[in-house]
Number of protein chains: 2
Amino acid sequence: MSKGLDHETLNENVKKVQYAVRGELYLRASELQKEGKKIIFTNVGNPHALGQKPLTFPRQVVALCQAPFLLDDPNVGLVFPADAIARAKHYLSLTSGGLGAYSDSRGLPGVRKEIAEFIERRDGYPSDPELIFLTDGASKGVMQILNSIIRGSRDGILVPVPQYPLYSAAISLYGGSLVPYYLEETANWGLDVKNLRQSVSQARSNGITPRAMVIINPGNPTGQCLSEANLKELLQFCYQENLVLMADEVYQQNIYQDERPFLSARKVLLDMGFPMSKEVQLVSFHTVSKGYWGECGQRGGYFEMTNIPPQTVDEIYKVASISLSPNVPGQIFLGLMVNPPKPGDISYLKFVQEGKAVLESLRRRAHIMTNGFNSCRNVVCNFTEGAMYSFPQIRLPPKAIEAAKKLGKVPDVFYCLKLLEATGISTVPGSGFGQKEGVFHLRTTILPAEEDMPAIMESFKKFNDEFMEQYEDYGGYSRM
Amino acid sequence: MSKGLDHETLNENVKKVQYAVRGELYLRASELQKEGKKIIFTNVGNPHALGQKPLTFPRQVVALCQAPFLLDDPNVGLVFPADAIARAKHYLSLTSGGLGAYSDSRGLPGVRKEIAEFIERRDGYPSDPELIFLTDGASKGVMQILNSIIRGSRDGILVPVPQYPLYSAAISLYGGSLVPYYLEETANWGLDVKNLRQSVSQARSNGITPRAMVIINPGNPTGQCLSEANLKELLQFCYQENLVLMADEVYQQNIYQDERPFLSARKVLLDMGFPMSKEVQLVSFHTVSKGYWGECGQRGGYFEMTNIPPQTVDEIYKVASISLSPNVPGQIFLGLMVNPPKPGDISYLKFVQEGKAVLESLRRRAHIMTNGFNSCRNVVCNFTEGAMYSFPQIRLPPKAIEAAKKLGKVPDVFYCLKLLEATGISTVPGSGFGQKEGVFHLRTTILPAEEDMPAIMESFKKFNDEFMEQYEDYGGYSRM
């Protein structure tokens with residue numbers, strides 16, 4: 001007789017989940033690392049793991065919140081600046097027992113208020129702290145919203161392809177149906193509403209009701225920044241089709257061009273006025289893991305709800321209560337992110353310099369990487385306008401595709417495994433994000449240290465040259 | 001046409017969830033607090049919120065990990081002891097980029113190793129770090145395991161009644177069936193295997209297959225500590241019935257009597273020898289939120305798997321990967337909990353004194369509270385042998401039950417609301433945990449500061465006297 005945790009009797013949805021970012025490539029990279037090989041982990045947007053230093057001021061504040069007894073230590077001023085001490089006292093006053101006490105399941109009211117003020121400054125419209133929920137990283141919030149929406153396999157969620165696999169994985173886990181809509185690689189990964197319409201009608205003809213749509217802006221893995229016109233079109237589309245818009249805006253600080261600054265879906269929606277501004281259901285996500293913070297390990301995220309009925313908000317609150325509260329240090333980081341030092345504060349200049357250095361270096365790295373990929377044989381790559389990733393297309397020769405098939409591997413997995421073995425560069429195959437049939441990509445972050453970047457791109461180029469040499473001898477390519 | 005987050009179209013399982021710990025009573029208490037009333041929150045086991053101070057050494061270590069630049073500061077020795085500095089360096093060396101980097105989705109390998117060593121010391125059997133997964137608090141782990149087991153409404157999970165509502169809520173959320181087994185109030189909330197057998201056969205006759213069984217030891221809300229004989233019986237039962245045992249052992253350090261020290265389900269299982277020691281599937285949970293740590297807000301938990309097939313472990317790893325990694329500071333707290341200062345360390349004596357003071361005070365508070373309740377009219381209460389709660393039975397007069405029904409309230413909710421309005425004491429009605437038909441309880445934590453305890457019990461007694469006075473005038477009681 002079988003037992004509850006025997007593999008064959010597990011929840012089928014659990015087994016169906018695929019999660020490429022930590023899939024076969026990551027596992028092989030971990031093995032190689034154990035064997036002593038130097039691995040460059042570019043599979044996850046994890047800046048501190050690749051040498052980015054934390055911003056000093058927020059870390060000082062959170063360290064003091066962790067060690068509140070230091071606030072009475074006569075020597076504290078020797079190691080912490082006065083504005084960090086003042087901010088630590090401020091955040092401790094917002095808790096009901098310091099970092100060791102559960103907060104309200106939605107997060108500390110005082111931090112939610114600071115976030116609402118930040119959103120108002122950003123968008124020009126007031127925001128209600130009661131509609132902002134803090135979470136252990138943005139992913140947990142995305143999962144909770146999907147779990148609320150999805151009732152079964154006939155509920156569809158529109159997801160961009162290529163997409164960040166959090167979405168496909170969570171939709172599988174909750175037993176829903178992913179409805180893909182393709183981004184246009186030849187239009188710099190732009191979003192075409194015609195594609196959306198096609199996807200929706202195809203889903204309907206398969207008996208699936210699209211109930212929500214995901215956008216990732218700036219894009220992951222594709223790096224594009226959506227224009228105001230594009231955002232208006234897709235909001236109009238959500239309005240017509242009664243879709244909840246889930247706006248993954250975790251890269252809103254990561255912009256590497258000046259033509260299209262970040263615009264939140266919420267601002268564009270509210271600019272569109274009545275009736276849309278009161279009708280479209282919107283959930284927007286943000287985090288301390290990205291931007292120039294990169295505080296991934298702290299797990300601080302939030303979501304803000306717009307036009308969600310109060311009864312639904314109550315249900316979401318109730319479900320959040322089951323796991324009691326998001327981690328409190330991560331909440332303090334969120335407060336600091338939305339309310340950073342101001343001109344005149346002791347720590348202001350240092351904070352601004354540190355942040356600027358990170359962002360400017362990321363911008364330079366985006367260029368180095370895109371140019372590097374485009375200088376390689378059979379590789380084409382759109383410029384990383386935002387976010388933290390490069391998503392080059394690899395035109396694999398037919399012989400390489402055959403060789404992969406012989407080994408039972410998806411062709412891009414085959415390529416990425418060979419890249420890993422040859423160079424230690426750990427990427428994620430494009431098939432983990434979705435791509436058009438017969439077209440192959442890989443995703444890498446732009447996060448390796450700037451000084452290492454030229455050597456990494458050179459090592460990639462050398463590998464790719466040899467790979468193409470080996471498999472290209474009778475000429476054909478995979479189609480664009 | 002309805003929209004994806006309209007209340008009537010939400011996932012029904014989300015709507016079915018009930019979570020009393022932060023339910024009607026908590027919401028009313030929060031309102032009263034906003035209006036300026038002094039509230040004593042005893043609804044959640046949240047020690048720091050009621051004045052318990054954090055242990056100094058772990059907070060020093062984590063503060064230094066948050067501010068690694070201090071390790072190079074010549075003044076650091078003025079505010080931090082040398083062993084805290086050494087431990088911070090140790091934990092930072094286990095990360096791949098400090099607290100700001102995602103860890104492996106199972107947690108830092110170095111911390112999992114420390115936990116395995118702790119388990120081996122505790123149980124006398126080696127433990128495998130690869131079978132230990134760290135989580136954002138124990139609740140998240142419980143939810144992940146239940147989500148793996150439950151396939152639909154015909155899958156049953158045996159849960160003690162009274163129970164901690166995490167279990168009922170998560171089972172509802174994942175669409176399974178809760179199969180209750182009653183604890184015996186008259187036998188100090190002991191577990192009777194006869195009751196288990198009855199519950200299982202009744203479930204089977206309703207078409208439900210029990211697949212797992214939950215024990216909470218020491219008990220929440222009931223406070224009992226299971227004896228070795230009792231643990232053997234129930235493990236035998238799990239073996240016979242092919243049930244996964246989920247052992248919630250988060251209160252293993254909270255023991256207030258000397259007759260029955262804590263024994264882990266794992267130790268008892270392995271003591272029982274082959275075949276059982278190789279056959280019973282067991283998942284054990286622990287946390288930094290309880291014990292004498294009470295670091296609830298840090299959200300550090302783990303689960304350890306025994307006899308779980310490797311393929312299943314892989315699936316659980318994959319699903320954990322979707323949300324990338326548990327928060328890293330919480331992982332460091334876990335490391336510190338299982339590997340505290342040793343005799344001879346600079347911080348040893350202070351650490352031991354702080355921990356002992358908390359536990360001894362909790363033991364005294366357990367007595368004050370039990371005695372206080374038992375001195376009240378129509379209130380009877382078993383002694384809190386362990387954990388952090390008191391669960392007195394309130395014998396409500398028929399007139400009170402009628403008055404409650406007139407208001408559409410469950411009688412114990414009615415009683416607890418009146419208690420809250422009169423005294424500010426925020427408890428959870430027994431109906432939130434489950435209880436036998438016609439019997440009423442409330443749960444309170446034993447966590448209010450020791451010096452406040454006499455006044456709180458007096459205020460309770462005064463309220464209860466007046467309540468009974470008001471409703472008791474024609475003599476009958478609710479039955480025992």
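Each chain gets a letter, A, B and so on, in the order the sequences are listed, and its residues count up from 1. In this text the structure is predicted, and so the values were computed from the model without any measurement.
Residue B:T9 touches chain A through both its backbone and its side chain, counting heavy-atom pairs closer than 4.5 Å. Using a 4.5 Å cut-off between heavy atoms, B:D73 touches chain A through its side chain atoms alone. If you measure heavy-atom distances from A:L27 to chain B, the contacts under 4.5 Å come from the side chain alone. Neither the backbone nor the side chain of A:T209 has a heavy atom closer than 4.5 Å to any heavy atom of chain B. For A:V288, no part lies under 4.5 angstrom from a heavy atom of chain B. Only the backbone of B:V76 comes within less than 4.5 Å of a heavy atom in chain A; its side chain stays farther off. Only the side chain of A:Y164 comes within contact range of chain B, with at least one heavy atom under 4.5 Å from a heavy atom of that chain. Using a 4.5 Å cut-off between heavy atoms, A:L70 contacts chain B through its side chain alone, with no backbone atom that close. Neither the backbone nor the side chain of A:N13 comes within less than 4.5 Å of any heavy atom in chain B. Only the side chain of B:I308 comes within contact range of chain A, judged by heavy atoms closer than 4.5 Å. If you measure heavy-atom distances from A:F41 to chain B, you find no contacts under 4.5 Å at all. Contacts between B:D104 and chain A at a heavy-atom distance below 4.5 Å involve backbone atoms as well as side-chain atoms. Heavy atoms of B:S172 lying under 4.5 Å from chain A are absent altogether. For A:T312, the parts lying near chain B are the backbone and the side chain together; criterion is any non-hydrogen pair under 4.5 Å. Using a 4.5 Å cut-off between heavy atoms, B:S103 contacts chain A through its backbone alone, with no side-chain atom that close. If you measure heavy-atom distances from B:F80 to chain A, the contacts under 4.5 Å come from the side chain alone. Interface remark: B:P210 contributes no atoms to any contact with chain A (heavy atom separation under 4.5 Å).
Closest approach of B:S325 to A:R299, counting heavy atoms only: O-NE, 2.8 Å. Scanning both residues, A:L92 and A:C65, for their nearest heavy atoms gives CD2-O, 3.9 Å. Residues A:Y102 and B:N46 approach most closely at N-OD1, 2.9 Å, considering heavy atoms. Annotation for A:C296 and A:P47: closest pair SG-CD, 3.7 Å, computed over non-hydrogen atoms. Nearest heavy-atom pair across B:A101 and A:A49 is CB-N, 3.8 Å. Nearest heavy atoms, B:P309 versus A:D6: CG-OD1, 3.8 Å.
Put simply, of B:S139, B:A169, B:S148, the one with the most heavy-atom pairs under 4.5 Å next to chain A is B:S148. Among A:G330, A:S105, A:P54, A:A67, the residue making the largest number of heavy-atom pairs under 4.5 Å with chain B is A:S105. Between chain A and the residues B:Q52, B:R59, B:R151, B:Q331, the largest count of heavy-atom pairs under 4.5 Å involves B:R59. If you tally non-hydrogen atom pairs under 4.5 Å between each of B:I149, B:V328, B:L10, B:V244 and chain A, the highest count goes to B:L10. Of the residues considered (B:Q281, B:Q311, B:E279, B:E295), B:Q281 shows the highest number of contacts with chain A, using heavy-atom pairs under 4.5 Å. Taking B:T95, B:I145, B:L173 one by one and counting their heavy-atom pairs under 4.5 Å with chain A, the maximum is reached by B:L173. Heavy-atom pairs under 4.5 Å with chain A were tallied for B:M305, B:H48, B:Q18; the largest tally goes to B:H48. In terms of heavy-atom pairs under 4.5 angstrom with chain B, the leader among A:N147, A:L166, A:V44 is A:N147. Looking only at heavy-atom pairs under 4.5 Å with chain B, the residue among A:V17, A:L78, A:V319, A:V313 that has the most is A:V17.
Ion pair A:E354/A:K53 not flagged as a salt bridge, since none of the NZ, NE, NH1 or NH2 atoms sits closer than 4.0 Å to an Asp/Glu carboxylate oxygen.
Remark: A:L324 CG to B:D136 CG distance equals 12.5 Å, nearest 0.5 Å.
Open room surrounds NZ on B:K350; 12 or fewer heavy atoms of other groups in view lie less than 6.0 Å from it. Atom CD of B:Q240 is surrounded by more than 12 heavy atoms from other residues, nucleotides or ligands within 6.0 Å.
At a threshold of 4.5 Å between non-hydrogen side-chain atoms, the residues A:L131 and A:T306 do not count as touching.
Every side-chain hydrogen bond (donor to acceptor under 3.5 Å, both in side chains) that B:E12 has, sequence neighbours left out, goes to B:K15.
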Step-by-step side chain to side chain contact (heavy atoms under 4.5 Å, CB included) determination, B:T287 to B:T135: CA-CA 9 Å; B:T287 182; B:T135 49; over 6 Å; no
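Both the sub-6.0 Å distance and the 45° axial angle are satisfied by A:R106 relative to the ring of A:Y317.
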